[in-house]
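Along the sequence shown, residues are numbered consecutively beginning with 1.
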Amino acid sequence: MVTTKTAAGADHGAIPTRTLDALNFFLADVRDGLGPYLAIYLIAVRGPAHGWNEATVGVVLTIAGIVGLLAQTPAGVLVDRSRNKPRIVMVAALLVTISSVSLPIVSGYTMVAITQSIAAIAGAVFAPAISAITLGLVGPKLFAKRVGRNEAFNHAGNAVSAALAGVLAWTFGPVVVFWLMAVLTLASVVTAMRIRNRDIDNAVARGLDCEPEEGCDEPSAWRTLIENRPLMVFAVAAFTFHLANAAMLTSVGQLLAKTVGKDQATSLTAACIVAAQLVMVPVAIIVGRNTERWGTKPIFLVAFGVLAARGALYTVSNDPWWLVGVQALDGIGAGIFGALFPVVIADLTKGSGRFNVSQGAVATAQGLGAALSATLAGSIIVWEGYSAGFLTLAAIAAVGFVLYWTSMPETKERAAG
C-alpha cells in the first residue's frame, strides 16, 4: 500500500495496490467472455449437424462484435458520469457471465447471437472503468507504470485460467470453461467490493484537473474527438491492429478442432493462450516502466511488426505445437497494445475531461476491426483455406505498421509540449 497525490492535488491516502492487482487478475477471464472457446464449442460440440461452420461462427462473432462496438462510446460516457465505478465493474461482470454460462442450455442461431451480444455490451464497460479507477487512484504521473502492472496481472490471470481450462477440459470437455468463468466472476465481484469508492478522484479519473462546477473548461465530447487529429489517427490504427489480430487465435482454434478433435483442440487452444499470456506479463511490465523514456511510437511499431510476422508464420506448418509457439508472439503485439492503449489516449486528451468517452470512441473503432476480422477470416478460410486467411491478416498488419509510422505523432512529446 502506498500514498500519492493526483494532479488535482487530492490526497487519496492508501492506494489499494494489491486489490487492483487482484481485480485485474480475476477479471482477465471474465472481461472477454468466452473468446476463442465460443468458436471451439460451436464447431466441435454443435457442429455442421446444427448448422455451424467457420462462416456461420464468424457471422455470430461479427454480430456480437458490432453490438459491442456500438456500446463502447456510451460505456465511456457512463464511466465518465458515474460516481461509483467499482459498482459498474461488478454489474458488468455478472451480466457477461450470465450470458456466457447460459450457452449450453440455449439453442438456435438467434439465441446464441442474443446472449453473446449482451455479453459484448457489458464487456464494453471493463476497459474504461478499470482505466478510470486506476487514473482516479494514482493520478497522471504514475498512470503509465500502473497500467503496465494492471496488464501484467490481467495477462497472468488469463494464463492461469487458460491453464486450468486446458487441464480440466481434457477430462470434462469444453463445457468446463463456463463453470470456470462463474467462479472467477464471483472472485471479481468480491475484490471490486474492497475498493473504497471515496478513494477515487472522479475528476482526475475523467482527465480533468478539477470538477466542472469548480470552473474547469470541459469541451463537448464530439469536439474532443473530431478536432483531435492524432486521436483520429490512433483510432484508425486501433481498427487496423484488431482487424489483423482478432481472428488469428479463433482461426487457430478452428484449425486445431479440424485436425486433432474437439477435446484436444480445447486444451491446445488453452496452451496457445497460456503461451501468449506468459509473454505478455513481462512485456506489459517493461513497457509500463519505460514508456516515458522510450516514447509510445517506437513501441507501437514493434507491436505491428510482430503481428504481421505472426500471421505469416502460421502458414509454415499445421503442427499443433508449432501453432502454439507462433501464438506466443501475440504476447508481444497484444501485450504492447494493451499496456499503451489507455496511456496514449490519456496523453492525447489530458485536461479535456473526456478521457473515458475518448477511450470508448477509439474502442469502437477497435471493436469494428475485431468484428469484421472474424467474418473476413472465416470467409477466406471457407473459400481459399487457412493459409490464405492468415496471410491476409498479416498483410493488414503491415498496412497498419506503415500508417502508424507515417501519420501518428509521438504522444509523450505531445504531452510534454
Side-chain angles (χ1 to χ4, degrees), residues 2-10 12 15-21 23-25 76 79 85 126-156 200-201 203-209 228 230-231 233-235 237-238 241 279-304 331-356 358-359 362-363 366 404 408-417:
V2 295
T3 301
T4 190
K5 291 187 177 182
T6 67
H12 289 289
I15 294 174
T17 299
R18 293 182 180 177
T19 305
L20 271 178
D21 293 343
L23 183 61
N24 281 279
F25 181 88
V79 173
K85 295 170 176 60
F126 289 119
I130 294 297
S131 294
I133 290 171
T134 302
L135 184 58
L137 287 171
V138 307
K141 291 184 178 180
L142 297 177
F143 185 56
K145 185 176 181 179
R146 179 62 238 192
V147 167
R149 182 169 174 137
N150 283 355
E151 286 298 303
F153 276 89
N154 178 62
H155 299 316
I200 301 172
D201 188 316
V204 174
R206 302 171 60 187
L208 281 172
D209 293 331
N228 193 330
L231 187 64
V233 173
F234 187 63
F241 187 94
V279 175
M280 288 181 192
V281 172
V283 167
I285 293 174
I286 292 171
V287 169
R289 290 179 177 177
N290 294 280
T291 298
E292 299 289 339
R293 184 155 55 100
W294 295 346
T296 57
K297 185 169 183 174
I299 303 176
F300 252 113
L301 289 176
V302 171
F304 274 106
I332 300 176
I336 289 173
F337 190 96
L340 288 188
F341 177 81
V343 175
V344 170
I345 295 176
D347 288 344
L348 295 175
T349 60
K350 183 175 174 60
S352 71
R354 297 299 183 180
F355 169 54
N356 295 300
S358 297
Q359 279 196 97
V362 177
Q366 168 184 316
Y404 208 96
M408 186 67 191
E410 171 54 62
T411 65
K412 285 304 170 186
E413 293 177 356
R414 178 184 174 88

Is any side-chain heavy atom of [X] less than 4.5 Å from a side-chain heavy atom of [Y]?
X    : Y    : answer
L231 : S358 : yes
L135 : R146 : no
Q359 : V79  : no

Provide the closest heavy-atom pair for [X] versus [Y] in the form atom of the first, atom of the second, distance.
X    : Y    : result
A152 : V281 : O-CG2, 3.4 Å
I336 : V287 : CG1-CG2, 4.1 Å
N356 : A132 : OD1-CB, 3.4 Å
P230 : P409 : CB-CG, 3.8 Å
A238 : F337 : CB-CZ, 3.9 Å
P342 : V147 : CG-CG1, 3.6 Å

Could you verify whether a donor N or O on one side chain and an acceptor N or O on the other, from T411 and T296, lie under 3.5 Å apart?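 Yes - a donor-acceptor pair under 3.5 Å links their side chains.
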
For the backbone of I286 and the side chain of N290, can you confirm whether one donor and one acceptor N or O come within less than 3.5 Å of each other? yes

Within this structure, what is the [atom1]-[atom2] distance for the pair [X] and [Y], rounded to the nearest 0.5 Å?
X    : Y    : atom1 : atom2 : result
F300 : Y404 : CZ    : OH    : 4.5 Å
F143 : T291 : CZ    : OG1   : 11.0 Å
N154 : D21  : CG    : CG    : 11.5 Å
K145 : T134 : NZ    : OG1   : 14.5 Å
L137 : D201 : CG    : CG    : 9.5 Å
N150 : L23  : CG    : CG    : 8.5 Å

Listed once per pair and sorted, the salt bridge (charged side-chain N to carboxylate O under 4.0 Å, His left out) pairs that draw on residues 290-302, sequence neighbours left out: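 Every salt bridge (charged side-chain N to carboxylate O under 4.0 Å, His left out) pair that includes a residue of residues 290-302, provided the two are not neighbours, is E292-K412.
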
By ring-ring contact (aromatic ring centres under 6.0 Å, His included), which residues pair with F25, not counting sequence neighbours? none

Please find out if less than 6.0 Å separates the ring center of F241 from that of F341.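 They do not qualify: ring centres at least 6.0 Å apart.
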
